[in-house]
Amino acid sequence: QVQLAESGGGLVQPGGSLRLSCAASGRIPSINTMGWYRQAPGKQRELVARITSGGTTTYADSVKGRFTISRDNAKNTVNLQMNSLKPEDTAVYYCNVEALWSGSSYWGQGTQVTVSS
């Protein structure tokens, strides 16, 4: 089974920075993409950033220029560097991994990010 362990969430003031990490373990299949999603209270889960196995990145317009996603294929790890954080960034952030062959999607349990003064 594939397990995703997330870390790095916490409480920061507006304008601050935070770095999220997600490590995949277990019987890991060939991975297509890795990404981060978030869900705020009363809102639907949304894509924050995604990165392919080749390093191609995609960002939500709301975080473009502030967040940077990266991955280490050898370590099966994906990271999200979040700078210039805003209160509207407050949400539970979920790591997501998509398998290449089966198309299966795996999710982490989520890590809380709170941006408040």
Side-chain angles (χ1 to χ4, degrees):
Q1 302 282 62
V2 175
Q3 296 179 340
L4 303 179
E6 301 147 321
S7 63
L11 173 65
V12 297
Q13 295 186 353
S17 298
L18 214 56
R19 183 178 177 84
L20 305 182
S21 296
C22 174
S25 62
R27 292 185 176 275
I28 307 172
S30 296
I31 297 175
N32 185 11
T33 62
M34 305 182 78
W36 288 94
Y37 292 72
R38 68 185 181 188
Q39 186 168 25
K43 297 182 179 180
Q44 293 186 333
R45 185 174 299 185
E46 65 173 344
L47 172 68
V48 177
R50 178 188 293 140
I51 185 169
T52 68
S53 60
T56 301
T57 59
T58 301
Y59 296 93
D61 289 339
S62 60
V63 307
K64 195 171 300 182
R66 299 188 297 119
F67 292 8
T68 302
I69 190 170
S70 62
R71 66 187 286 174
D72 186 329
N73 292 329
K75 297 181 179 180
N76 293 313
T77 300
V78 61
N79 304 301
L80 184 68
Q81 178 66 46
M82 305 184 293
N83 298 326
S84 302
L85 284 163
K86 305 175 181 179
E88 47 264 46
D89 293 319
T90 296
V92 176
Y93 285 68
Y94 297 91
C95 178
N96 174 258
V97 172
E98 295 181 357
L100 177 62
W101 301 111
S102 68
S104 298
S105 184
Y106 303 92
W107 294 90
Q109 64 181 4
T111 183
Q112 178 70 48
V113 171
T114 302
V115 185
S116 177
S117 58

Would you check if [X] and [Y] make a side-chain contact, meaning some heavy-atom pair closer than 4.5 Å?
| X | Y | result |
| --- | --- | --- |
| L80 | V48 | yes |
| M82 | R66 | no |
| V63 | R38 | yes |
| S116 | T90 | no |
| W101 | N32 | no |
| T56 | R50 | no |
| C95 | W36 | yes |

Least distance between heavy atoms, [X] atom then [Y] atom:
| X | Y | answer |
| --- | --- | --- |
| N96 | S105 | ND2-OG, 2.6 Å |
| G110 | Y94 | CA-CD2, 3.5 Å |
| L18 | G10 | CD2-N, 3.7 Å |
| S117 | P14 | N-CD, 3.7 Å |
| C22 | L4 | SG-CB, 3.9 Å |

Requested in this report: Answer yes or no: is there an ion pair linking D89 with K86, defined by an N-O contact shorter than 4.0 Å?
Outcome: no
Requested in this report: Count the heavy atoms belonging to other residues, nucleotides or ligands that lie under 6.0 Å from CD of Q109, then report whether that count exceeds 12.
Outcome: no
Query raised in the report: Would one find more than 12 heavy atoms of other residues, nucleotides or ligands at under 6.0 Å from atom CD of E88?
Result: yes
ILVMFWY network linking [X] to [Y], side-chain heavy atoms under 4.5 angstrom:
| X | Y | answer |
| --- | --- | --- |
| L85 | Y59 | yes |
| V92 | I69 | no |
| V78 | Y37 | no |
| L47 | W107 | yes |

Query raised in the report: For V97 and N76, what are the C-alpha separation, side-chain angles and deciding distance, and is it a side-chain contact (heavy atoms from CB on, under 4.5 Å)?
Result: CA-CA 10 Å; V97 172; N76 293 313; over 6 Å; no
Report task. Classify the angle between the aromatic ring planes of F67 and Y93 as parallel (below 30°), tilted (30 to 60°) or perpendicular (above 60°). Result ->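 The arrangement is tilted - the two ring planes meet at 30° to 60°.
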Report task. Using only heavy-atom distances, determine whether the side chains of S53 and N73 contain a donor-acceptor pair under 3.5 Å. Result -> no
Report task. Tell me yes or no: between the side chains of N83 and Q81, is some donor less than 3.5 Å from an acceptor? Result -> yes
Query raised in the report: So how far is it from R71 CZ to T52 OG1, rounded to the nearest 0.5 Å?
Result: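 Rounded to the nearest 0.5 Å, the CZ-OG1 separation comes out at 7.0 Å.
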